[in-house]
Amino acid sequence: MVTPIHLVSVALGTAFLLGFTKDRNWKISGGLVLLALLLMNLISGSWTYALFFGDQVPVQVFTAGFKPPFSINLQMGRFEAAITLMINFAGLLGAIYLFDRLKKAGRYAFMVYMVFILGLNVAVMTRDLFNLFVFMEITTIATAGLIFLVQTGKAAAAGLKYMIATSIISGVLLIGIIFAYSLVSTLNLDGIIDGGLPLIKGGAMVVFLILIALLLESKPFPANGWGLDVYESAHPGIGAMLSVATGPMIAYVIFKVLPISGGAWNHLIAITGIITFVGSNFLAIKQHNTQRLLGYSSVAQAGILLIAIGLQKELGHTFIYVAAGLLMTNYFAKAGLFWLSGLIKGESLQDWTQLKGRPVLLFLFGLFVFSLAGFPPSPAFFAKWELIMQLASHGGYVWMVFILIGSFFELIYLTRWFGQVIGSKEKSSAQPDLATHRLVPVGIMGVGLLGTMVFFLHHYAPDLAIDFIPIIFIAALFILDFLPAFLKNTVTILAMGWYLLQHISDVQNDTVRLIFFLIFLAGGAISLLAGFSYKGKRIGYYPFVAMTFVGLTGLVTATTTLGFFLSWELMALGSYLLISRGKNAQKTSWIYILFSVGGAYLLLMGFGVSFAVTGDGLLSSLGIAARALPAVGILLTIGFLSKIAAMGLHIWLPGAYAEAEDDATPFIAGIMMNAGIFGLILSLSIIAGHPFTWWLGWLGVITAVGGNILAAFQEDAKKLIAYSSIGIMGYILFALSMNIQMAWMAALYYVVLHFLYKTILFLAVGGVIFRTKTREMYQMGGLIKKMPLSFISVLIGIIALAGIPPLAGFGGKWLFYNAVVMNGWYLQGALVFFSGVVAFLYCFKLISAIFLGQAKDRYRHIKEAPVWYILPQYLLIIGLLIFSVLPELVLQPVAHALRSMPGEGIQWDGHFAQTSFGYWNAFIVMTVIAIMFVILLAWLILNSRKAQKVKQFDMVFAGETPFTPETSHVAYNIYAPFNKALGFLVVPVTTWFWHATASVTDASANHLRKWYNGNGQTYALQMVIYIVMFYLIIRGGF
Amino acid sequence: MILIIVSMVLGVVMIAVSLVALHTKKLQAAILAAGVLSLMTSILFLLLAAPDVALTEAAIGSALTTAIFFYVLNKIKNTHV
Amino acid sequence: MSFDWLIKIGYVLLGLFIVLNYGLLQYGVIRRISARIGKRIGVKVYQPYIDLIKNYSFRSQITHGVMFYLGPVFRLSGGVGVFLFMPLIFGSEHFSNYSFSGDLILILYFLFFGMLGMALGAGEGGHPYSFIGISRGLSQFTTIELPFTLAVISLAIQYHTFSITDIVAAQQGGIMHWTLMTNPLATAAAMLSFLGMMGNSPFNVVIAPQENPIGPPTEYHSTFLAVLQTNRAILGPVEAILMVNLFFGGATNWVSLIIKSFLVFFWPVFVGIVFPRFRVDQSIPWFLKLPFVLGILAIFLI
Amino acid sequence: MNFFSVQGISLTIGFILILIGLWGILTQRNLIRIIIGFTIFNNGVNLIIVALAYMKGRTAPIIDQVVTRTDAVDKVADPIPQALVLTAIVIGVGVTAVMLSYTLRMYRAKHSLEINVFTESKW
Amino acid sequence: MYKKLFVLLLLAVLGWSFFTLLQTHQERQSLNPLSKHYVEKGPDEVGAPNLVTAIVVTYRGFDTLGEVTILFVSAAIVGLFLKTENRRRKYKIRSTSEILHAAQRLLFPVMILFGIYIFMNGHLTPGGGFQGGAVIATAMILVLLTNPESPISHRAFNLLESVSGFSYIIIGVLGVLLAGGFLDNHILPLGKFGNLFSAGAIPLIYSFVGLKVGSELSSIILNLNDVQKDDK
């Protein structure tokens, strides 16, 4: 293969050749530059291939025909090859992207660009310290030249700030180098490392000077004002090069030079990395300018890369994958975003709404944002997972917490940005300029990112232990998104059915998993039927649905913690995207994703701690870990609590369910909530007797009481049912926190019951909303005459919900009573029953406000809910009836599964269930009530055969007052007295708390970012302060 | 011994000239002072047995840098737009 | 397929007939006594029979729709259902109805069955007054239920069972074995919540005086009203019987059953006559004060 | 480290020049004066580099009649830092030229040479 | 005022840290092993009496390549920034005094010759490419001082710069093909120690560097000078 030195000769040769051309014949100069970049790509590409896949060994290139200590040598190892390839590839695409801008600026611009790429390449390859200084200086001056490409006053100021800062850095570096030479009398890096600087007197100071200079070059948090101003004012193409080419170069230079400190500086670098990562992400929250936001994000990515470099000893063999994951994600995603921002006219985040109506660009934008945020299957997800696991296993819990806090801030501004683009209603008038030569690089970056995703998925396959067909199915749906909606709906339902039959066998033995498996897949398929009532393409709906269900089934079939966590995050992302499709769901979906990923990070911590204790990532080993360290169980439980919206973590739920589309809410509420329950079962089974569960019991009670009371005061139908879900989750949480078999049986019984009637209610209400186009109950009323089928299903739903005998609800109450008395939590039990009675209130409000009372005249010609809404409801009602009459179908297998739990179970003979406290025969209760009801109905019909039907406005006979203005709906604020009496219980303390935290973070982020006041001199001062503080800390021997 | 005394005198003068360069009112005087400073440095280089460096410092440090400074200053004076 | 279940139904119907008549007479006596306390003569004891027959014989009825029609049916089946699962006479195989298939919890929740039906039917009626009534009734019932639940739980702790027949069995053998004596706090809590359940004066804002009905039955008339009255006649005594079974040692024969339930039945009546009517937002917190505390003490001091 | 030798004096002068240079950069508001501060800063660094190459009583590293090839080792000062400082000086000029052209364009944009006027991109 | 005090304090701490660095420094008594190698073997391996030039051109030739690139980039950036004005506009200038004209006509050729001498004998006497180039640039300044409108064409300098740069790269690549490595000076015979055409390719490289530096610095000056008149 050609020696790497030709990278230099090609680049410089072309740069000097450009001198011959004039500005007019830009075709020649442009062609030359692209040809040179292509050649350089070929060289580094061939070396990378040979080093990684061939049997090539890293090679030293000598210059001037002498051995290293006497001359400068370049090294081409695996790292150098990969990073030079990245630089050259980004350089080539950057040149294509910036072609028209460079052409306008003339041949000088081409020269400066070529020298910029050259400087980066050699800085990565050189092994001589002074040579490194020279070529970093070349890169600096070339960057300064490129910053001014946009020829604006702002760019000139930013350029000067950049020059001032980098000149101070190079001065300090030069002093460091010359003193290093005077101590170890060599300038070759390997020579200096062997020379053992820290041991020589005064050597520590030299190491300080060199490393502080390199550290400042990577724009550490408090002293990087100059870096951010450059990102803000330079051309997006140049910003991209700074972030994806210069960034990796500096990171690798630090990695290369770090050994001169003999390992003393590893943790120092990691600490500065953490401060940068958390600080920049925190300040990025309040950014409105796109470029500056991307600047903050690039600085933060450089920070987390520093953490990985600083902790390379702890990371051991996984360091390569962590570094590669972080580097590749930032490389593809950040370049893509910068180049996309070049297309958009206007600087603020709001202007990105120009992307609406362009599915391909939107897909790319979403792909870049979510892979940066670390959602699966992006490489950053695997990198962060590996980082957390290794950190935990080395007891670095503090590091872990900070990294997660930093990534949470990152998540805040990335999802808010995505929300602003997808959610906002008004579309900015300007049109993005879609020149092909600007679109192609963005597209290539997208393809590159997908390629790396496939690679990382393949690499982590053994740890994931999930099969990849579902993930391929999601990708297929993304591609097939142009098909009409009903086709995609049938495909999804059939696929789910096929997957159910295919994989039912491997969850067969474990009843708990079987129940959830059936709920997720069978329930999901049924509730998807409602999708047929929608026409058109519904771009994006079905891939997100597929993502959610793949995540859900992944939870059940996962055997390793990584598989479980990947499915969890996939489900969170899928459901977030689904909810954000809602008309005004921008804010609520944002709150939803923040809470669910906040919970996911707690899970990650829990898995980390368990990995630290047991060393293997298996779900089964969580139990062992929990016994050794209960924190595992507690962390997992709190994480899952945020998913089932326990009181205090619940403010996302009503908004998310209400704003989601009407046919999406049934399976988001009815089915996805059970994911949290499945998790809770997992986490509570491992911390069974822990006193923490006592507090959990009380939390369950508060959630049940609070949820139900809040539900009673809602005027929005979907919000009412959403709050009732919180109430029922409180029930289940309360049952699960009791460590006796009967309680867990009650919990699982409730899971099945809740799935059935919640989906029925949401489907029915969805059907009604589909027709009436409004969610406010006081705008409906009197629909029983026009929509009898919906009325019946809601009636059955609320009877089951309130626990009234003939139906399955009573069975749950009965089990609950037995469990409470057996476990001895009497007071909590009583309060939970109080909330049960309160449930009766909102059940009645739901059915009476919508169906009973006086009909509005605008619904005179309203039709019954579409058939595709009614069909799934009645399928589920049949299921509910079977379940009500024969509860033992579910209870006996569950009892068998829970036999290992303490406490006595139920003795069955036929339909008769017997416990030490009481007995219950569902079959006979149903038949007795049915017969009695029929007899009495016959008795009434006998007596009132001649009853005369009366219309609503029949003034003579009916007491119904004629139609009055809309708002005076009888059922409006029906429980005002109840609110006056017990309203104090549900003063929205939690909502106030979460909004207070949000505004505090916003305010402090807004205040702190004033640290960068735009004055170049202040930035220089900040840098000198940073050097002095660092020195004092080291001198103080912290 | 003489070398030490000469270098000491040279040092004191250089420090004085650099302070003058930063704090004089007129910009032209400041630039001139900087030129003188680099001239002094090139003489000190001679004392430190580095003729090559002295020549470079004299030619580039004092002559060219000062010339560029004056050209830029002149250009700033003439821009009235 | 032996005929015993036919005989069973025969006895059940007999029991139902007795309780129905007993209920009607009881309401007659109550109206007479409360009139007398108010220095009025009051109606004849058999006045409820007259009302019932009058309502059943009306020729014209109007119905607002299916749910309005089903409301009374739900209500009556609620009353009869509670009766069916209530063991009347301890020890007699015939008069323990279908209590073997469901215990105290079943009865507790069956009370809701009737209430739900009533509320839905009234809702269908569309009369604004009926909605006010429903709102009052439901919100009041939530806290009424709370002390009773606490009492039931303390009973379950004491007797270690939820089945009514076992509880009655445990109280046999003289007055000292009654729950009244062994667990006075639970009995007090239950009796206070019994006040609310019966819907007499301090807590009768729901159905208010019959003359200008502002409660749920505003729109009900003729046959529908008759059905509701039959239910009231059955549900009242049955709830009294429930209290008797749980706290006053149940009854081994019809006579002691009638006497005990008659006395229990009169406890809310006397309280009602003396005390003025609560507004709903007053009655709700009232139940959270004394009865609730009694209930908690009952649980912890058992 | 005796501060009384030529090397000692020049090193101290070098470091003092660096401090004066930094003082100029951090306190002067006029752009031209800041760049002058930079030239002083670079001057100081170059001085230190050359001072480190000097040894008492040594001459220029050029072999001629006086300094023959054999006894050059004990007569000659260290040539390597002198080679490095050549590059450093020329880098200094390059950087100064770029900074001055930036100042030119900034002046054309805002007609002022005060650095605290150019705070357009901030926060 | 407080800001100045704070900066003073800051620089005091920095000064103190430099002082500690200085204290640990011991003046060497003899050359360190690396420079000892250069001084002893330099003349034989490279054949250049001026050891500094030997190091600058061959031993650490890659640095010098970087060095030349820096100047090249600075010249390009200055050109990029000041390109916006069109060049060939006639403008009125006050005429310079006669004495200056006479001196200029006398001194100009001498200075050019002196510059060429410096970078031709870079390997023998102190001096070299950079110094020679600088002297040529000062000659240019002298010309421009006397006659700002003098018809010195930019094209000429750009061509000279590109030719010398490109040939420098060619010599480097030749080093790889013919001799030991990039920029090795053994592609030409070392010749007799001490006379003009010796030390392999060093004089050739250094003269190209001299020409390149000279043309770059002059093009910077030309760019700055051409915009003498205020531009609209």
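None of the values given here were measured: they were computed from a predicted structure. Chain letters run A, B, ... following the sequence lines, proteins first and then strands; every chain starts at 1.
- For chain B, the nearby part of D:Ile62 is the side chain; its heavy atoms alone come within less than 4.5 Å.
- With a 4.5 Å cut-off on non-hydrogen atoms, D:Arg33 touches chain B through its backbone and its side chain both.
- Here the closest heavy-atom approach between residue D:Gln82 and residue B:Ala49 is recorded as NE2-O, 3.0 Å.
- Remark: B:Ile4 CD1 to D:Lys56 NZ distance equals 5.5 Å, nearest 0.5 Å.
- With D:Leu100 as the partner, the side chain to side chain contact (heavy atoms under 4.5 Å, CB included) test is satisfied by one option alone out of B:Ile76, B:Leu73, B:Val72: B:Val72.
- In this structure, chain B has heavy atoms under 4.5 Å from both the backbone and the side chain of D:Asn46.
- Contact of D:Val6 with chain B is made through backbone and side chain together, with heavy-atom distances under 4.5 Å.
- The contact between D:Leu17 and chain B is made entirely by side chain atoms (from C-beta outward), counting heavy-atom distances below 4.5 Å.
- The CD1 atom of D:Ile32 sits 6.5 Å away from the CZ atom of B:Phe69 when rounded to the nearest 0.5 Å.
- The two atoms that bring D:Ile36 and B:Ala34 nearest to each other are CG2-CB, 4.2 Å, heavy atoms only.
- Note on D:Asn42, D:Leu113, D:Asn43: by heavy-atom pairs under 4.5 Å with chain B, the leading option is D:Asn43.
- Ranking B:Ile68, B:Leu27, B:Leu3, B:Asp52 against chain D, the residue ahead of the rest is B:Leu27, based on heavy-atom pairs under 4.5 Å.
- Summarising the geometry, atom CD1 belonging to D:Ile40 is positioned 11.5 Å from atom CD1 belonging to B:Ile15; distances are rounded to the nearest 0.5 Å.
- In this structure, NE2 in B:His23 is found 6.5 Å from CH2 in D:Trp23, a value given to the nearest 0.5 Å.
- For a residue to count as touching a neighbouring chain, one of its non-hydrogen atoms must lie under 4.5 Å from one of that chain's; by this rule B:Ala21 touches chain D with backbone and side chain alike.
- Shown here for D:Ser10 and B:Leu44, the closest heavy-atom pair between the two residues is CB-CD2, 4.2 Å.
- Among the candidates B:Leu46, B:Thr24, B:Leu47, the residue making the largest number of heavy-atom pairs closer than 4.5 Å to chain D is B:Thr24.
- One distance of note links CE of B:Met14 with CG of D:Leu47; it measures 5.0 Å at 0.5 Å rounding.
- Both the backbone and the side chain of B:Ser18 have a heavy atom closer than 4.5 Å to some heavy atom of chain D.
- A 6.0 Å sphere centred on CZ of D:Arg29 holds no more than 12 heavy atoms belonging to other residues, nucleotides or ligands.
- For D:Ile16, the part lying under 4.5 angstrom from a heavy atom of chain B is the side chain only.
- Here the CD1-CD distance, from D:Ile89 to B:Glu57, works out to 4.5 Å after rounding to the nearest 0.5 Å.
- Side-chain atoms of B:Thr65 and D:Thr39, non-hydrogen and from C-beta on, do get closer than 4.5 Å to each other.
- Residue contact with chain B, scored on non-hydrogen atoms closer than 4.5 Å, involves the side chain of D:Gln28 exclusively.
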